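Below is one structure, written out as structure tokens; comments come after it.
Since the model is a prediction, treat every value here as computed from it, not as a measurement.
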Amino acid sequence: LMKRVIIRNLEGIHTHGTEMEAPEAWIESCVAQGVWGKPEEYTIEVIDITAQIEQDRINREALEYLASTDWMVVRAVEGGKPMSEDVKRARAEARARIVR
């Protein structure tokens with residue numbers, strides 16, 4: 001599980017981290033140091049970003065493949081050797097995997 005932890009105080013000031021294991025302890029530390037106020041002035045939101053990280057990896061790989069074969073598109077458009085059906089299919093599949 002990959003997560004993003006967002007901590008906000010009453011003024012809307014916030015911080016976040018992806019590996020914060022104990023946000024309550026972090027808040028207590030801030031309170032003890034007089035940084036942000038009282039523990040009851042905070043909200044903690046934990047967001048699961050596992051799927052987002054995986055989609056980012058998929059997007060990156062698909063975009064890298066498209067970039068590596070763009071020259072074949074240009075060559076075909078300029079009247080050179082046509083692109084193979086396998087490459088056309090693989091490019092279409094790469095585009096379909098990209099989610100923004």
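Side-chain atoms of S29 do not come within 3.5 Å of backbone N or O of A25 as any donor-acceptor pair. A distance-only check finds no donor-acceptor pair linking the side chain of N59 to the backbone of R100 [under 3.5 Å]. Here the side chain of Q55 pairs a donor or acceptor atom with the backbone of R97 at under 3.5 angstrom.
Using a 3.5 Å distance cut-off with no hydrogens or angles, the side chains of E54 and T50 do not pair a donor with an acceptor.
Just one residue in the list I47, T43, V46 forms a side chain to side chain contact (heavy atoms under 4.5 Å, CB included) with I6, and that residue is I47.
Summarising the hydrophobic clusters (Ile, Leu, Val, Met, Phe, Trp, Tyr; side-chain heavy atoms under 4.5 Å, direct or chained), the residues clustered with L66 are L63, I98.
D48 has its side chain out of reach of K3: every pair of non-hydrogen atoms, C-beta onward, lies at least 4.5 Å apart.
The side-chain hydrogen bond (donor to acceptor under 3.5 Å, both in side chains) pairs that include a residue from residues 70-80 are D70-R91, where partners are two or more places apart or lie in different chains.
Atom-to-atom distance recorded for K81:NZ and M83:CE is 11.5 Å, nearest 0.5 angstrom.
Closest approach of A76 and P82 over heavy atoms only: CB-CA, 4.2 Å.
With hydrophobic clusters built from ILVMFWY side chains whose heavy atoms lie under 4.5 angstrom apart, V73 shares a cluster with V87.
Residues meeting the side-chain hydrogen bond (donor to acceptor under 3.5 Å, both in side chains) test with E61, sequence neighbours left out: R57.
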